[in-house]
Structures are given as C-alpha cells and as structure tokens.
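This report refers to the structure that appears directly beneath it.
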Amino acid sequence: MATTTQVRLRGRPAHTRGPTFLSYTPDGTKLITVGSNNTTRVYKTGFDGEPTNIDDCPEQNTGVASTDDFFLVGSEDGNVSKFSLETMAFDKYITRCSLPIRDVTLSLDGKWCAVSSDELVVKIIRMNDTSSVMFLREQPKPVKHLSFDPSGKHIALSCTDGLVYVYSLINDEPELVRKIDGLIRTLETEDEISSKVVWHPDGRAFAAPTATRDIQVMSRGDWENQRTFTNGHNGDITALAWSPNGAMLASAAKDWKVLLWETKTQKVIATYDYADVMDISWHPTKNLLSFTNTEGWVYIYNDFVPEEHSHLLKLPLQPAPFIHDPLSEISANARRPITNGLKDIPNRGARRGTPDSLDDILGSDIMGDEDDFVVDDDGAGYASGLNANGKRPNGAVDPYVGSVNKRRTQAWEPQIHDSFQPGSTPWRGNRKYLCLNLIGFVWTVDQDTHNTITVEFYDHEFHRDFHFTDTFLYDKACLNENGTLFSCPPNDDTPATIFYRPHETWTARADWRTQLPKGEEVTAMSLSDSFITVTTSAQYVRIYTLFGIPYRVYRQKSSPTVTCASWRDYVLTLGNGPVGADGNTKLLYTIQNIKRDEICQSEDVVALPEGETIKSVFFSDNGDPCIYDSTGTLLTLLHWRTPSQATWVPLLDTKLLSRLASGKKQETYFPVAVADNKFHCIILKGTDQYPYFPRPLLSEFDFQIPLSSKPKADSGDDAEAEAENESDELGKFESDFVLKSVLTAQQQDLVDFTKSSHSQRTALARMEVEIDKTLLQMMAVECREGEERGMRALEMVTLLRDSTGRMIEAAGKVAERYGRNVLGEKIREVGEMRLSAMEED
Amino acid sequence: MALPLQAGLTPMEVAFLCEMEMVTVVPRQRLESLNLLSGPTPILRPPHRAPIPLWLALLLKRQRRANILPPPWLLSSSLERILKYETETSPLAFSPPPPHPHPVTSRSSPTDFVSPPFLPSSTADAPPDYLPYHWLELGEIFLEAASDDVPEQDRVRGLLRDLREVRMSKMRGSIKGLEGEGGGVSKMTGVGAMEVAEGRGYIVGVLDGLRRLGSSREVARREREAEEGGEGSEDEEMGFE
C-alpha cells in the first residue's frame, strides 16, 4: 500500500531557477548536476559538505551524462562539452549543433554518445574518435529524449511528433527498426513534461509516460503493450527511472508527487511530495535516490526506499513486467533456441547470489569480479535517470543466459524436446492462438482476471462463430468439424480440466468437463472424429470418447511426452527417447489404432537431422501422419500401417521454394495442415516465428520432393535458356514421377488396410495410370533428345506399372514417332518378356 | 445498316472480356461445382483456394461468399518495381508481358496459341513483376469491387495511376516513330488491352492526318516514279493501312 513519508528533506540550492539535470557516475561515487547557471556541481556520495564546482562551463544546460572518468554536458548554445572528472576541468567539445541541444546520453559501455538537438538529425558519436558520427535521420521533427538500451544495440528516440523511433545500431549503418505510434504524447522540446522512454535494465522492455498519465511498459521483442503502471499520478509525468535492478520504478509528475512503484505488482509502495521534479537518478547500488527540480534545487535522498521494501534493492536483476513473460512462461510452446555450437550447453538460467557471500560482505561498490553477473548488474549500476549510462563488463551478454564458460564446467545434461500443442502459438502481448487449422481458429485474450475465447470458422455457413468468457484460463484447444476441446492447467486448488463442446447437439446440453487427478497437467491433446487423446505430465495417455467416457489409459513408453495427434481411430504419440549422438534426445513415435487395439508402429524414431526440432505434427486429410521440422521440411510417413515398415519421406522443402530463389526474401512458414495434396501454411515475414493478429491469410504450396535446387532465373543467352528449358521439363517430370509414386503408395496402403470404397479404388487405379503417363512423357522427351539417350528411355519403359501391355505398346509408338527403331525393337522385347512372365504366373 | 461504332473494342467491351480472366478466391462458403459453358468450376470449400473466372468471383464477392486474392503483380512492391522499370530501366519501351506459362518449344503444340484471357496471368500463382494483358481493367475492377482484399489499396491505386500515365505518354511518344518515310513501325509488346483500345482512336486519327498531309507528296512522287519506270510503288500503297 502507498505510504506517505512525512520526513521533509531539505533541498540543496545548486543552481539558479530553471531546468536542472543530474547524473550518477556508474561507480556511484559522484553525482553531477547541471542547471541554468554556468556552474556544474559534482557531489561526492556520502560526503555532505560543499560540492566541487566547475565554473567555466556554458549556461542554460539541457543534459548531462557521465562515466567514471568524464561527463558530457549539452547546452542551449548548441555545444556538447566533455569534462574530465579527474582534473575537474573542461576537456574538449564533442560536437556542435546549430540549434539548442535537447538531450545527451551515453551508452552503458560509455563508448557511444547520442546527442539530440532542435535539428532534425540525431548524432551518435564514438567517444574515442569524435569524428566518427552516425546520423539518425528518419524522424520528421526534433527529438526530445534519447535512450540507449542496456546492451547499446538499440536506441529509442522520443520525437516531438508523438512517435517513438527505435533504431538498431548493430550494423555500421543505423537502421530504423520500429516507429511506435500511440505510446507517448506530442510535446515541445522545451516542455518540462517528459516523454522519455526508459529501458528496463533487463533490456527486453521499456517504459514510457503516456498521455493518460500512466506509465506503459512495452516489450522490445514484439512491440506489444505489456503491464501498465496506472492510477498513480494526477499530473503529467516529468521524470521516470527504473531502480538499478529493475525491481522498482520511480516517477515524478506535475501533481507535486514522487512515486515509487514495485515492478512486479505495479503498485505504488511509497509516495513523496516534492514539487516540479525534473530529473531522477538512482544510485547504482545504495538505497539512495537523487532528483532535481525546476527551482535549481538538488535533493539527495538517503533511504528513499522505505525500510519494509528495502529488500527489493538487494534482489538480483528482476524481469520486466510482462503480461506473459516468455521466459518464465511454462508454456507448451516454449521452445529452446535451435541448438548449435555453444548453445548446446544446458542453460540453467540466472545464478542466484550466494547468501552471505564475500561480495555481500564487501559491499558491491567494488567492481572487481567481472565473472559474477549478479555483481555486474548491481554494481555496474544502471543509473536510469536522464542518462542511462554506466559500465557493465558483460554488456552484450543476455543476463538470463549467463556466461558460457561458467556453464562449461557444469555437469552435462541431455537436451529434451519440450512438449507443445500443434497449431498453437505462445502468448504475445495479451493474445495467443490456441489452435489454427483448416476448420477455423481459436484465440484467447488475457483480460487480467479472466480470458475471452473466440472460435471462428472458415465456413460460415456450416458453423457459427462463438465467443465466451473463460474463467478457467484455458491454454490449449483443438478444433474439428464436430466440436472444440479445451484444457486448462491445474490451479492451486482446482486440478487440470478438459472441456469439450460439440458444435451441434440435439440434447439440451452436450458439453462436458472432466478433471484430471490432482497435480497432473495436460502436455498436449488432440481431437479426432471418434476420440479425444490427452497426454499428461504424469506420462499417461488418456483417451476419452467424444462424450467423455474414459476409454483407455496407458502410460507412454517414451518420456517426457512431447505431443500427440489423432485421426479417426489412430493416435500418434510423440515422446523423448534415449539421447542421440548430438546430445539431444531422439524423438520416438507410436501409432496405434484405439478401437482395434492394434499397435501400428511402436517406439519408432522420428527422423530428424542433427540438432533440429519438430515444429508440428498432424495427420493429413487422407490420414497420413506428417511432421514439419525446424529445417522447414514437411515429411510424411509411408507404410506406417505395417509395423517396422515405416519410412519418413520428404514432401516439400520450403527452403527450396522458387519464391525464395531470389535470396532477397526472408520468410518462414507456420505449418497448418496438409490437405488435397497441398501444404497449407502461414507465411511469416522476416524473423517472426509465429503468426499474430490480424490473422494472416493461409497460403498453400504444392508438394515438391527435394530432388535438386531450382536454377536461378535464366539470364540472357537464348540457347542456354532453351537447354535449361529442356532440363527443366525433364526435371519436372522426374519430380512428378517420384511424388506420384509416394502418393500412390499411400493410397495403396489406404486401400489395402481399410474397408476401401469404390471411389478410393478407382482413384488408386487412376493414379497408377498417371504414373505411367508421366513415364511415357519422360520417355518422349528422351526420344526427342536423341538416339544416345535410348538406354535411359528403355529403363523408363521397364518402370511402367501397367500389366496389360498397352502402356508398353504406347511406348513403342512413341519411339517409332521419333524414328528410334532400335529402341522400338528393345521395347517390344521388354513387352514380350513381361507378357510371357505373366503367363507363367 | 452499319452501327455508328468505331472500329475496335470499346472500353466496356474490353472490361467485359477481362472478366473471363481466372482469379484465385478464398471461399467463405461451400459451393458445389457449377457447369458453365467454359467448363465446370472447382468445388469451393473454405478455406481452400480455387481458381474461378473473375465475373463469378465478383458475384461471390458481392454476396460476401468469397474473398478474392489479388494477383502478385497487383501488390505495391511489385508495381513499384514495374514502375521503376518503366521509368528508369527502359524509359522508351514498355515493360515486358509475363512469360508464357506453357514453354514454347521448337515443336508446335496447341498451347502455343493460348492467349489472354485464357492464360492464368492473374491468379495467385501468377508471376510478379509483369503486367499482364488485362492489367489496367483488372486493377480497376479489383480496386472497385474488392478493395478490402488489396493490401495498401491507396498506394496501389496511386501506382496504377502512375503506370497508366507513364505508359500513356510512351504510347503517345511512339507516334513520333510512325511519322516520316520508311518508319511507321512501333513496338507494341507488353501493351495492355485497354491501352490498345484507348490508343486506337488517337493513333488512327494521327495516322490518317499524316497520310492526308503526305498524300500530295505521295502523288508527286508516284508521278515521278511512273515517269522513271514505275517501280516499287506497291509497297508504298500498303504503307499505312
């Protein structure tokens, strides 16, 4: 709860009336303040006497940024000057602008300095070589505030047109990554009100004051609004700063209040009354906060965080307030990064500080141990006042990954494949798709206390869309023609629940709910025309009929479970098997027919290349299992109805698609389904991994067995182009032949193993004729090409499947037409041999 | 009695022909196969894509039974590249038409003579960066009837207008080549149906005028040639028909 501290702190009259700014050095030993008069003051931390004054500096200063050795001051005369902290004297001018400087900031490693002025261009200057300057030019109006992210790879510009511009500085040429509309308000550069973006110390999110006097957190990964700090201020916000570990946020506003918020709960934990605060800066390590006001006063507030909350300052780096934190989320879709090289080392997350460790005893002023990242983050200081600066030796390393050498020494651990629900996406912002398939899609919106779930169908005539308020917080769903299946994770007192809702009923109430035993969690589930399959964290596969009768329960042989899929009576379950040579567990699948209680394939291996993972598992509309893996390949299982005969056959390698041939496009595909001999997917542009809102269109691709990569678009030479055409034509027939053989084999299996209908059998016969036709076409091309390709043509004739001899006859005719008499003779011989062989049978 | 119509097709007629083009739709409702004069249509099953004639697609679109997928060349990125080609890469010639989908080989085959609107040049699989024969009509129809299916429709509208102006000025410029002795040939590869229909009146008028202006000179020359022996006059007569 908010507490108002009544102890008044006396301000120190540091400057004359006017905007005043301050900055702590990253080591926390000094506090530098600048204001409207021509004196800069340097306060020593813990020393209450007179500050050191530096007199020969410009008036009307508008920004200050510091490192341990020097500090920069920007002023309205357009100069940015560098002062040495050693000599306490002016060193040199860094840059000069024709209009007043508005903000100066240093990257956390102190190597880059960003300067904004009333000019439209923002300069980023290398500190050790001030002649090397990068320019950010995309913004149409002057920039009021600048802020580097903790890694120094991004910079956020709060522009006076009410937009935030985020640039990436990874390459030599800065690149505009994102324009964020609707976050901050339109302000003038001289306004006391702030629109500054402040990066959370973990670098994954930033906060900014909004027009509604709230503080909005936005994630950098997907640019979605995350939690909001609301109902605090009754005036426009003038300053904002995260505590060095990100556990708290201090803000000041025009309502004469300084608030201290807890990041985790977004609640105000302390309120202080100070008027017209302009700038706030946390001490990098101590419970000490300093701020300045427009009167030119400086307040150095010891024990700013109240006693009962001071433990928050001691915490290691805290995560930014995400609605659904992708790191802490125990989502079925949480995927580890593609394992490669060093990343193979198991990641155990952040190392906690040892209680009563040497570091604690010594106090973390000492910036010695570069290896220990806890000290790094606390000690390196994240002075997130006006000047987010300071040094962190491991700046480039993601704080959650930890240093690689350290992990090296730990015991080796196998990499297991996480469980996932096919066709769903993880949370992004407050939304997620629970299920995407060819019937429709199910999505949910987090409304804090409950979710709202919407089920939409592609065919509006057959099914009606519906929408409901979900108090169970369902996190998995399946959808088919008959109904929708949901499941929710176990809560404190309620066990995991499965909920099925048929689309059509002839009774008053047909939906049902069933609960799993306590502590058991649903890892994946699937819905077919006849059964509901649920795999659980207790390694059980639970099978229910469509109306909730428990039909079978058995323990899965391979564990931990990964996912499951089903089609009619067939159920495919996927689990982690023994560890393979690459340190990852081998994925094992089992297919069984539930109704007949037959096992088709038992604990067979899913063929994946080294270190690759599986993205989705589903049955095609013909009932053949398909997988889509992280290499972008779609594979299907051939002969899976006969035990130990199954082989994985690639149907499509999306990396070889002709639309990517130019090499300009970067896109991946989110698998949705296989139907009508086409691969249905959602195209994801750039580095997106999952589809988001608004729902993108489905795309479909024809199968294309990876035989050869397509040549690049032909260039110039006609003769060459023609030759290419020929080989293209032949290549097309060849891939047709292979593909049709695979599809025919699948159809053959279907006809052999099920009570096939007449149409299925005729379809099979037609497909076989199609293969022969393709072979004849190939032969025709070979005949046309010349006499010397006769042997290849003859081989094609021997591949013909037709037993009546008519196809061989036709092949003879083709040879005759092109005048290949020798070939014709040989073909006749083949035909005769076949006929005689038939008679012998 | 002859109708008082000019030679060639009116824009209405061109647009009517354009409606025979095949486009790709994403149906929102099931529809069984229809037996049309041009053959049966595919069964429409949401969300499977299906190619159907434009007129049928427009009908379904109007009844909110389908969404039409814009052809790849109608996306702003593709139109931008075409416009760049028209203005910078080749400021004189028209951008080339899409490549023939059936490979034209040395041996003749019936597919060699298939021409728009019977070529699948406006389905979702059509090649980007080429303006097909019916580009202008199709673009206009798309923007009018299915504007919600076209991403960045304002940009597309602007680009189509730009392209039309660039190409119109090329068309007019090509008349310079028609002028004068021995010329009279201009390359029309890549010109769309609507542009031909629009340009026809103007070009024919100009040519008529040119012929009338040149006729006196022609007569004089013919006389001179008749005196010299009367050779080579036949070609000249064929000149501007």
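Residue numbering restarts at 1 for every chain, and letters A, B, ... go by the order of the sequence lines. The basis for the numbers below is simple: all heavy atoms, side chains too, and nothing from hydrogens, waters or symmetry mates.
Taking the six-membered ring for Trp and thresholds of 30 and 60 degrees, A:Trp567 and A:Phe619 have nearly parallel ring planes, at less than 30 degrees apart. The aromatic rings of B:His48 and A:His680 sit perpendicular, their planes meeting at an angle over 60°, well past the 30° parallel limit. Between A:Tyr433 and A:Phe693, the ring planes lie parallel to each other; the angle is under 30°, not in the 30° to 60° tilted range.
Residue A:Phe462 touches chain B through its side chain alone, counting heavy-atom pairs closer than 4.5 Å. Residue B:Arg65: no heavy atom, backbone or side chain, is found under 4.5 Å from chain A. Only the side chain of A:Leu697 comes within contact range of chain B, with at least one heavy atom under 4.5 Å from a heavy atom of that chain.
Among the candidates A:Ser699, A:Ala675, A:Gly440, the residue making the largest number of heavy-atom pairs closer than 4.5 Å to chain B is A:Ser699.
Annotation: A:Tyr669 is not in aromatic contact with A:Tyr628 [ring centroid separation under 6.0 Å not met].
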